[in-house]
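Working notes, structure below.
Bear in mind the structure is a predicted one, so any value in this text is a computation, not a measurement.
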Amino acid sequence: MNTILKEHHLVMPTYMVPIVKKFSLSFYDFLLLTYFWNYKEETFDVALVTKVLKLPESEVLTSFNTLMSKKLIQIETLKDGNGKRVEVVNLDLFYQEIGILFQESKKEEEKEDMYSHFESEFGRPISSMEYEIIHAWIEKGFSEELILGALKEAVYNGVNNLRYIDKILYEWQRKGYKSMKDVKKENFNRTAKNEEPKELFDYNWLEDNER
């Protein structure tokens, strides 16, 4: 019992779970990937993996080929302390996938936050139709900054209507605006143009009357 308790424990990072789902990994694939994550830069010793994971060698090799084919791991040739070339498992591809998942998760959080902005400004939950319209703006490439800017513009004008916001967004797109900085710059230039002092003629009315 003491021997079992003293064995090295495999630690599983929580971000490995969505990887398993995304790549439809089997339980054995998952165990092998967890093994590689714990034993970083270790040579791929089938006998050692079999001993640690308590899996048949055939299952280890099958899962290894699966992880290779799904581009989650790759073999890298390095030199050990004696200058001898050894093959180790490189997890850079796995880390790249983790980065992609984090970015996707962040975008989803931003979407949810944006929907809550609409509900806060409208003073009510948005409908499923409104949800789809906002989602369509995101899919068409409108930035969160511009969408929320158009929302503020509509609320400022007393309009709680997505059609009005839609017109604002497509007008800004037509003008090539990429951010609210572009919108503010245009508004500033327009205001400055409207406030230009009219030309004052230097005319002496008193002298004209004396003629």
Side-chain angles (χ1 to χ4, degrees), residues 1-116 132 134-148 173 176-182:
M1 184 67 178
N2 288 335
T3 303
I4 295 175
L5 293 174
K6 289 179 181 178
E7 285 186 358
H8 181 79
H9 297 288
L10 294 177
V11 179
M12 182 198 76
T14 55
Y15 51 72
M16 193 174 288
V17 176
I19 288 290
V20 173
K21 183 178 180 181
K22 180 178 179 179
F23 289 90
S24 301
L25 300 182
S26 71
F27 179 65
Y28 291 158
D29 301 338
F30 163 71
L31 282 180
L32 185 57
L33 186 58
T34 303
Y35 172 87
F36 289 140
W37 189 86
N38 282 266
Y39 292 83
K40 298 180 180 70
E41 294 190 359
E42 290 284 340
T43 56
F44 180 47
D45 187 333
V46 179
L48 178 60
V49 175
T50 300
K51 180 180 178 181
V52 173
L53 298 182
K54 308 293 190 294
L55 295 177
E57 183 175 307
S58 59
E59 295 293 349
V60 171
L61 291 173
T62 298
S63 291
F64 177 80
N65 290 330
T66 297
L67 296 178
M68 287 282 288
S69 65
K70 294 191 175 184
K71 300 188 184 304
L72 286 172
I73 62 172
Q74 57 187 339
I75 294 296
E76 182 179 10
T77 303
L78 301 176
K79 289 184 179 181
D80 62 14
N82 299 319
K84 182 180 177 181
R85 291 182 177 276
V86 293
E87 291 186 336
V88 299
V89 175
N90 184 301
L91 297 180
D92 286 349
L93 295 176
F94 168 66
Y95 297 141
Q96 288 176 20
E97 288 297 333
I98 295 299
I100 292 172
L101 284 174
F102 272 125
Q103 289 298 322
E104 291 175 350
S105 176
K106 184 178 179 182
K107 288 181 180 179
E108 286 301 316
E109 290 176 1
E110 289 175 350
K111 285 182 185 178
E112 292 303 320
D113 185 55
M114 182 161 53
Y115 298 134
S116 67
E132 290 300 325
I134 297 170
H135 180 72
W137 291 336
I138 298 171
E139 292 298 308
K140 289 177 181 177
F142 290 109
S143 68
E144 178 187 3
E145 181 186 4
L146 280 180
I147 293 173
L148 293 180
Q173 183 185 58
Y177 298 159
K178 301 297 183 182
S179 68
M180 288 306 297
K181 184 178 179 181
D182 297 331

From [X] [atom1] over to [Y] [atom2], what is the distance, rounded to the nearest 0.5 angstrom?
X	Y	atom1	atom2	answer
Tyr15	Tyr95	OH	OH	6.5 Å
Asp182	Leu146	CG	CG	8.0 Å
Leu33	Leu10	CG	CG	11.0 Å
Ser69	Phe64	OG	CZ	10.5 Å

Does the side chain of [X] reach to within under 4.5 Å of the side chain of [Y], using non-hydrogen atoms?
X	Y	value
Leu72	Thr66	no
Val88	Ile75	no
Leu53	Thr34	no
Leu32	Phe36	yes
Leu48	Tyr35	yes
Val49	Leu55	no
Trp37	Met12	no
Thr62	Tyr28	no

Does any N or O in the side chain of [X] come within less than 3.5 Å of the main-chain N or O of [Y], such that one atom is a donor and the other an acceptor?
X	Y	result
Lys71	Met68	no
Asn90	Asp92	yes
Glu145	Met180	yes

Nearest heavy-atom pair of [X] and [Y]: which atoms, and what distance?
X	Y	answer
Thr50	Glu57	OG1-CA, 3.8 Å
Ser63	Asp29	OG-OD1, 2.8 Å
Glu97	Ile19	CB-CD1, 3.6 Å

### Task
Applying side chain to side chain contact (heavy atoms under 4.5 Å, CB included), run through Phe94 and Val89 and close with a yes or a no.
CA-CA 11 Å; Phe94 168 66; Val89 175; over 6 Å; no
#### Entry: Atom NZ of Lys22: over 12 foreign heavy atoms under 6.0 Å
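Yes, the 6.0 Å shell around NZ holds more than 12 heavy atoms from other groups.
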